[in-house]
Amino acid sequence: MSFMSKSPWVIHYDASSCNGCDIEVLATLCPGFDAERFGVINTGNPKHADIFLVTGSVNSRNIHVIREIYNQMPEPKAVIACGCCACEGGVFHDCYNVIGGVDRAIPVDVYAPGCAVRPEALIDAIVEAEKVLEEKYEAMKKGEHAPIIPLDAPVLKKGA
Ligand code: SF4
């Protein structure tokens with residue numbers, strides 16, 4: 001049976017966004033764009049989530065939180081960087097405490113740029129992430145697994 005015969009559940013974390021992208025994430029899930037009609041449910045529990053939606057850039061305080069949520073998610077799991085800040089730091093890239101995009105903390109599977117990211121782009125990214133989940137599910141059967149990222153691990157290489 002295909003893994004994605006089930007609907008994907010998402011968890012959203014606001015790293016350090018201006019809240020512009022968070023509003024678009026909500027718009028994606030609420031009746032206007034209604035990703036829920038495809039069974040995309042927003043859960044607050046990482047252990048129930050298939051897809052990790054991150055808005056905002058990574059900084060020295062939230063990098064541990066992002067890694068904690070990622071590590072708690074069951075496999076297969078996919079990560080979407082939502083908005084330019086999450087993709088590569090965006091307008092906050094040269095702030096004193098900003099490290100960069102989400103891929104400096106954890107592996108990112110899909111980049112959904114935009115300032116703010118548009119709900120249409122998020123829906124496309126979720127569809128893309130479903131393909132990634134299917135591939136990872138097949139890889140798991142061959143013994144390949146997602147890494148556990150220690151909270152205090154060094155910053156990852158950009159795009160790793
Ligand atoms: S990408 Fe734009 S809207 Fe989204 S968090 Fe960054 S500054 Fe705000």
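Bear in mind that the values here come from a model prediction, so they are computed numbers and not experimental data.
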Study note, to complete from the structure: dist L156:CG -> I106:CD1 (nearest 0.5 Å) comes out at 8.5 Å
Review point. If you look at every heavy atom in E130 and P8, which pair is closest and at what distance?
Key: OE2-CG, 3.6 Å
**Study point:** Under 3.5 Å side-chain donor-acceptor pair for T55 and D22
**Key:** yes
Practice item. Flag yes if F33 and F38 sit in one hydrophobic cluster, no otherwise; membership is Ile, Leu, Val, Met, Phe, Trp, Tyr, and two members link when side-chain heavy atoms are under 4.5 Å apart. Key: no
Check your understanding: Between E134 and K131, does at least one N-O distance fall below 4.0 Å, as a salt bridge requires?
Key -> no
Check your understanding: Can you get from V127 to V132 by hopping between Ile, Leu, Val, Met, Phe, Trp and Tyr side chains that sit under 4.5 Å apart?
Key -> no
Review point. R67 and D152: which non-hydrogen atoms are nearest, and at how many Å?
Key: NH1-C, 4.2 Å
Check your understanding: Hey, are D109 and K136 close enough for a salt bridge, meaning a charged N less than 4.0 Å from a carboxylate O?
Key -> yes
Exercise for review: Please report the closest heavy-atom contact between R104 and I99, naming both atoms and the distance.
Suggested key: NH1-O, 3.6 Å
Check your understanding: Can you tell me how far SG of C84 sits from OH of Y111, rounded to the nearest 0.5 angstrom?
Key -> 13.0 Å
Check your understanding: Is there side-chain contact between S16 and S57, with at least one heavy-atom pair below 4.5 Å?
Key -> yes
Check your understanding: Is a side-chain donor-acceptor pair under 3.5 Å present for H93 with E88?
Key -> no
Exercise for review: Any chance you could lay out the side-chain contact (heavy atoms from CB on, under 4.5 Å) test for C18 and F92, step after step, and finish with the verdict?
Suggested key: CA-CA 10 Å; C18 72; F92 302 111; 4.2 Å; yes
Practice item. Locate the shortest heavy-atom distance separating P119 from A27; write the atom from each residue and the value. Key: CG-CB, 4.2 Å
Review point. In Å, rounded to the nearest 0.5 Å, how long is the span from CG of L122 to SG of C21?
Key: 8.0 Å
Check your understanding: Looking at side-chain heavy atoms only, is the closest gap between I123 and T28 below 4.5 Å?
Key -> yes
Exercise for review: Assess whether side-chain contact (heavy atoms from CB on, under 4.5 Å) is satisfied between H145 and M140, documenting all intermediate values.
Suggested key: CA-CA 6 Å; H145 293 281; M140 277 172 62; 4.3 Å; yes
Point to revise | Atom CZ of R37: over 12 foreign heavy atoms under 6.0 Å | key: yes
Revision key, fill the gap. In terms of heavy-atom contacts, T43 and N45 come closest through OG1-N, 3.1 Å
Review point. Out of V102, V10, I80, V79, which one pairs with F52 under the side-chain contact (heavy atoms from CB on, under 4.5 Å) rule?
Key: V79
Review point. Just how far is it from atom CD of E144 to atom CD of E75, taken to the nearest 0.5 Å?
Key: 10.5 Å
Review point. Side chains of Y13 and N62: do they bring a donor and an acceptor to under 3.5 Å?
Key: no
Exercise for review: Report yes or no: do V58 and L151 belong to one cluster of Ile/Leu/Val/Met/Phe/Trp/Tyr joined by side chain heavy-atom distances under 4.5 Å?
Suggested key: no
Revision key, fill the gap. Rounding to 0.5 Å, atoms CD (E24) and CG (L29) come to a distance of 11.5 Å
Check your understanding: Do the charged groups of R118 and E120 touch, with an N to O distance under 4.0 Å?
Key -> yes
Review point. To the nearest 0.5 Å, how far apart are NZ in K77 and CG in D50?
Key: 11.5 Å
Exercise for review: Indicate yes or no for a side-chain donor-acceptor contact from H12 to the backbone of L53 under 3.5 Å, with no hydrogens or angles considered.
Suggested key: no
Practice item. Please answer: with hydrophobic residues joined when any side-chain heavy atoms are less than 4.5 Å apart, are V98 and I66 in the same cluster? Key: no
**Study point:** I149 side chain reached by P107 side chain, heavy atoms, under 4.5 Å
**Key:** yes
Practice item. Please report the closest heavy-atom contact between W9 and G39, naming both atoms and the distance. Key: CD1-O, 4.0 Å
